[in-house]
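Accompanying notes for the structure given below.
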Amino acid sequence: MTTSNNDLPSNFIHKMIEEDLENNRYGDRVHTRFPPEPNGYLHIGHAKAICLNFTTSAKYGGKCNLRFDDTNPSAEEMEFVDNILKDIHWLGFDWEDRLYYASDYFDKLYEFAVILINKGKAYVDDLSPEEIREYRGSLTKPGKDSPYRDRSVEENLDLFERMRKGEFEEGSRVLRAKIDMQSGNINLRDPVIYRILKAKHHQTGDKWCIYPMYDYAHPISDALEGITHSLCSLEYEDHRPLYNWFLEEVGVFEQPTRQIEFARLNLSRTVMSKRKLRALVEAGLVDGWDDPRMPTIAGLRRRGYTPESIQDFAERIGVAKANSVVDVALLEHCIREDLNAKAPRAMAVLRPLKVIIDNYPEDQVEELESSNHPNNPEMGSRTMPFTREIYIEQEDFMENPPSKFYRMTPGKEVRLLNAYIIKCESVVKDENGEIVEVHCTYDPGSKSGGPTAGRKVKGTLHWVSASHSVPAEIRIYDYLLNEEDMNDEDEDDFKAQINSNSLEILKDAQVEPSLKSSNPGDRFQFMRQGYFVQDIRDSRPDHLVFNLIVNLRDTWAKMQKNK
RNA sequence: UGGGGUGUCGCCAAGUGGUAAGGCACCGGACUUUGACUCCGUUAUGCGUAGGUUCGAAUCCUGCCACCCCAGCCA
C-alpha cells in the first residue's frame with residue numbers, strides 16, 4: 001500500500017520505504033524518530049534531519065518520535081533538553097505524546113545485556129582503556145582477543161552485576177560484545193557496550209553508575225519504540241552491521257528497525273560542527289549560541305528567519321548520500337521568497353543624509369498614504385508624515401555620479417516613494433568638504449495619486465521625515481567566514497578565515513514613525529534595502545533595534561562590482 | 001597496503017537501458033513609484049576516467065582515478 005504524495009520530492013529514502021511498504025515489511029507502518037543528544041544547541045544541519053524525519057513519516061501517514069539520546073551523563077544537561085524541545089516546536093513539528101529518552105530504557109537495556117551474556121555474546125573486560133585500544137589493532141592490522149574474552153557466563157554475570165552496584169572504579173571494567181576481533185570493520189572488534197560512569201544523570205539521577213554506549217542503546221531504543229526506519233548520517237554506515245547484530249542477538253524483535261544513512265548538511269560561509277561553533281562562542285567572536293550570525297536554530301530565529309523558510313530550504317536541498325556543501329544563497333532565497341510575500345513594507349534610512357525641500361511650507365505636515373505591500377492590497381496601508389526636511393540614504397546621493405546612476409544628483413529629479421518628485425538644486429558642505437545637506441525643490445503636482453503623478457523619473461528613493469522619524473539601532477550581519485567551505489578544515493585554518501566584519505552596528509538610523517508600535521520579532525521589508533526583524537533580545541520601546549535578516553537583491557551593486 | 005561509502009552544469013539534485021528534470025547562482029531582456037518582486041529567454045552532444053556489451057549506456061560489465069568516513073570506556 002503506497003500512499004506516496006507526489007507533492008513532495010522523491011528521494012532514495014522514500015524509495016526504500018515504498019519498497020518496504022510493497023513487501024509488507026512493517027505492514028503499512030512508517031515510524032521515524034529524531035534522536036538528538038542533549039549536549040548542545042540544534043543547528044540547521046539538525047533542522048534538515050528533523051524535517052526529513054517528520055515529513056517522511058507524515059508522507060506515509062506515520063509518526064515521528066522525539067527521543068533524547070542521553071546515554072552519556074558527563075556531557076549532557078537539562079538546559080540543552082529544554083532548548084532542543086523549544087527549537088523543534090518553533091520549527092513547526094510536534095511529537096505529541098511521544099517524547100522519549102534513551103534513559104527510559106536503561107532497565108531493559110540492562111536486561112538485554114544479561115541476555116547477551118547468557119548467550120555468550122558479551123563479556124566483562126578488565127583491560128584498561130589503553131590496552132583496549134592496543135588490542136583493537138589498527139585500520140590495516142587485525143585486533144587480538146582480550147585475555148578476559150573467554151570468562152564463564154557465571155563470572156560475567158557476577159561481574160556485570162557488581163559493575164552496576166558500583167563496586168568498581170570508573171575505567172576499570174567494561175562490558176563488551178563478543179563479535180570478531182579480526183573484522184575488517186573496526187566497529188565489530190568487540191565494541192564496548194557498557195562503561196562505568198559515576199555521574200549524576202539529568203533524568204535518572206543516581207540510579208545508575210553504568211551507562212550503555214550509543215551503538216548498543218540506539219538500535220534497541222529504536223526497536224522498543226517500534227521505529228521502522230531509523231535515519232541517520234553517513235558516518236554510521238559502518239555501524240549498521242553492529243546495529244543489526246544487536247537486534248538479532250537480543251532476539252526479541254520480530255521485525256527489527258532498518259537503519260538508513262544520508263549525508264548531513266554543510267552550508268557555505270559557515271560551519272556546522274559543534275566544536276567549531278563552540279569555539280566561536282567561547283572566543284567571544286559571537287554573542288552566544290543565539291547570535292544572529294550563528295547557523296543554530298536559535299541564531300536563525302533571532303536573525304529573523306521563519307520556520308517556513310527553513311522547512312522549505314530543507315525540502316529543496318534534497319536528500320542523498322553524496323557529501324556536499326549547499327550554497328548559503330539557497331537559504332537566503334528561501335527566506336526572501338517567504339518574506340517577500342509576508343513582510344509589510346516600511347521605510348528606514350540606515351545612514352541619513354538631510355534633504356531640505358526649499359519650496360515646501362515650513363510647518364506643513366502631510367500624511368501620505370503608503371501601501372503596506374504594493375503587490376498585495378489586502379495587507380492594507382498606513383500613512384507617513386511628509387515634511388520640509390527629510391532624510392534619505394547617504395548612498396542615494398552622488399555629486400559626481402557614474403553613468404546609469406538613477407538616484408539623486410545635482411540638477412536631476414527623483415521620485416520619493418509614495419510621495420513627490422523632487423529635484424536637487426544645491427548641496428551644502430562642511431569645512432572638510434563633507435556633504436551635510438542637500439537642497440531640493442518639489443513638484444506639488446507629482447504627489448502619488450496626484451494629477452501628474454504618472455510622470456516618469458528614473459530613480460525612486462525611500463525617505464523618512466526628519467522631524468517625525470524615530471531613531472533606531474540597526475545591525476547589519478555578514479557571513480561568519482570569508483572562505484566558502486571550512487567544514488573540513490582544522491581549527492586554526494578555520495579561525496584564520498573568520499570574517500572580522502560580520503557585524504556592523506548602525507546607531508544613527510532613522511525609521512518611519514509607524515515602526516514605534518512594532519514589537520520584538522516583527523519582520524519588515526525596509527524598502528530598497530532588505531528584510532529586518534525587531535531584535536527579540538535587545539530591542540526596547542525607547543531603543544528600537546533591528547537585525548538584518550537578508551538584503552534585497554541588488555542589481556545596481558552587482559553592476560558596479562562587475563565593472 | 002583493511003573495511004564502508006560517494007563521484008550527473010558554479011552549488012544542490014532527478015534519472016535505474018531508449019536518447020540529460022527541477023531549484024539556486026550566473027548572464028541577457030520585459031515590466032516596475034522598491035535598480036525589489038514578477039515574467040520571458042540563454043546555459044551539460046555531456047553524466048570521474050579508460051575500455052567493453054548493446055541497434056541504443058549516466059544507467060549493464062571490467063579496470064583505473066579522486067574524494068569522504070572508521071582505530072572514544074563520544075554520539
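Order of the sequence lines fixes the chain letters, A, B, ..., with proteins taken first and strands second; residue numbering starts at 1 for each chain. A quick note: this is a predicted structure, and the numbers were derived from the prediction, not measured.
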Subject >> B/G72: syn or anti, per glycosidic angle within 90° of 0 >> reply: syn

Subject >> Nucleotide of B/U34, B/A71, B/A13 approaching A/A320 most closely (side-chain heavy atoms) >> reply: B/A13

Original post:
Which of these nucleotides, B/G23, B/C37, B/C73, is closest to any side-chain atom of A/R316?
Top reply: B/G23

Touch class at under 4.0 angstrom, heavy-atom based, for [X] against every strand present:
X	result
A/G449	base
A/H239	base
A/V326	sugar-phosphate
A/D396	nothing

**OP:** Using whole Å, report how far CG of A/L197 lies from P of B/C74.
**Re:** 7 Å

Original post:
Hey, which of these two, A/W556 or A/L127, hits RNA chain B nearer its 5' end, going by closest nucleotide?
Top reply: A/W556

**OP:** Sort out the partner of B/A66 for me: Watson-Crick or G-U wobble, both distances under 3.5 Å, none otherwise.
**Re:** B/U6

Subject >> Under 4.0 angstrom between A/R336 side-chain N/O and B/C37 OP1 or OP2 >> reply: no

**OP:** Look at the side-chain N and O atoms of A/R136 and state whether any lies under 4.0 Å from the OP1 or OP2 oxygen of B/G72.
**Re:** yes

Subject >> Pairwise C1' distance for B/A58 and B/C9, with rounding to whole Å >> reply: 14 Å

**OP:** Considering only atom C1', compute the distance from B/G48 to B/U34 and round it to an integer number of Å.
**Re:** 46 Å

Subject >> Within the 6.0 Å centroid threshold, strictly below: A/H239 and A/Y243 >> reply: no

